[in-house]
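What follows is a set of notes on a single structure, which appears directly below.
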Amino acid sequence: VQLQASGGGLVQPGGSLRLSCAASGIIFRIYAMAWYRQAPGKQRELVATITTRRTTTYTDSVKGRFTISRDNSKNTVYLQMNSLKPEDTAVYYCNPPSFPDSWGQGTLVTVSS
């Protein structure tokens with residue numbers, strides 16, 4: 001499984017970013033997908049999940065601000081992040097939960113003024 005996350009960058013508090021993650025090596029449409037993040041000095045945490053039927057879940061700290069979606073025609077999962085806060089600063093990774101050892105390089109999101 002290969003995972004290529006992109007779309008990170010430096011953004012001011014209150015700003016928005018859209019992350020993308022392209023997957024290959026799997027039949028994308030039959031797997032749930034998830035976004036995780038790891039802040040400096042902290043453990044990796046689950047941010048959002050999306051099932052094959054597009055049912056979504058979010059960690060409490062991002063509910064109402066982040067939206068996970070998927071495009072099976074492009075083998076890509078997205079994370080729309082609005083109203084960003086400094087505490088959202090982290091490296092963001094996507095992962096199919098059925099392949100817990102498959103991680104790409106992640107994409108860095110820095111929220112700072």
Side-chain angles (χ1 to χ4, degrees):
V1 181
Q2 291 80 47
L3 302 159
Q4 183 71 41
S6 61
L10 174 63
V11 62
Q12 292 187 341
S16 297
L17 283 174
R18 188 194 194 204
L19 306 184
S20 300
C21 180
S24 60
I26 59 172
I27 304 173
F28 180 81
R29 60 180 172 81
I30 69 173
Y31 290 105
M33 292 295 296
W35 281 98
Y36 293 77
R37 66 186 179 187
Q38 187 165 19
K42 295 188 177 181
Q43 290 188 331
R44 189 174 294 176
E45 68 166 338
L46 178 63
V47 175
T49 64
I50 185 166
T51 69
T52 57
R53 296 188 177 187
R54 292 179 165 78
T55 300
T56 58
T57 64
Y58 299 92
T59 192
D60 286 346
S61 62
V62 308
K63 283 181 181 177
R65 300 189 297 122
F66 289 13
T67 303
I68 188 172
S69 61
R70 64 190 297 158
D71 185 339
N72 290 341
S73 69
K74 297 180 179 179
N75 289 1
T76 299
V77 61
Y78 303 97
L79 187 68
Q80 177 66 45
M81 306 187 296
N82 299 328
S83 302
L84 283 161
K85 304 176 180 179
E87 52 263 43
D88 295 318
T89 295
V91 178
Y92 285 72
Y93 303 86
C94 73
N95 168 264
S98 295
F99 298 88
D101 295 328
S102 296
W103 300 94
Q105 86 288 354
T107 186
L108 175 62
V109 173
T110 303
V111 185
S112 175
S113 56

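The shortest distance between side-chain heavy atoms of C21 and L79 does not fall below 4.5 Å. Within the 4.5 Å cutoff, the side chain of S112 has heavy atoms near those of the L10 side chain. Side-chain contact between V62 and M81: absent, with no pair of heavy atoms (C-beta onward) separated by less than 4.5 Å.
Rounding to the nearest 0.5 angstrom, the gap separating the CE atom in M33 from the CG atom in N72 is 10.0 Å. Going from atom CD of Q80 over to atom CG of L17 covers 8.5 Å, rounded to the nearest 0.5 Å. Here L3 contributes atom CG and T76 contributes atom OG1; the two are 10.5 Å apart, rounded to the nearest 0.5 Å. Note that CZ of F66 and OG of S83 are 9.0 Å apart. Values are rounded to the nearest 0.5 Å. From Q105, atom CD reaches atom OG1 of T107 across 7.0 Å, with rounding to the nearest 0.5 Å.
Contact record, S113 with P13: N-CD, 3.7 Å, taken as the closest heavy-atom pair. Annotation for F28 and D71: closest pair CE2-O, 4.0 Å, computed over non-hydrogen atoms. Closest approach of V1 to S102, counting heavy atoms only: CB-OG, 3.6 Å. Considering all non-hydrogen atoms of both residues, A32 and T52 come closest at N-CG2, 4.0 Å. The two atoms that bring I68 and T49 nearest to each other are CG2-O, 3.5 Å, heavy atoms only. Heavy-atom minimum distance, R29 versus R70: CA-NH2, 3.9 Å.
Side-chain N or O atoms of T110 include none that pairs as donor or acceptor with a backbone N or O of T89 at under 3.5 Å.
A donor atom on one side chain and an acceptor atom on the other are not found under 3.5 Å apart for S6 and S20.
Residues L46, V91, Y93, W103, L108 make up the rest of the hydrophobic cluster containing Y36, defined by ILVMFWY side-chain heavy atoms closer than 4.5 Å, directly or through other members.
In this structure, R65 fails the cation-pi test against Y58, since its NZ or CZ atom is not both closer than 6.0 Å to the six-membered ring centre and inside 45 degrees of the ring normal.
By the 6.0 Å contact criterion, CD on Q43 is open, its count of non-hydrogen atoms from other residues, nucleotides or ligands being 12 or less. Annotation: I27, atom CD1; neighbour count of heavy atoms from other residues, nucleotides and ligands within 6.0 Å does not exceed 12.
Checking each of L19, T59, I50 against W35 for a side-chain contact (heavy atoms from CB on, under 4.5 Å) leaves exactly one that passes, namely L19.
For D60 and K63, the salt-bridge test passes: some basic side-chain N is under 4.0 Å from an acidic carboxylate O.
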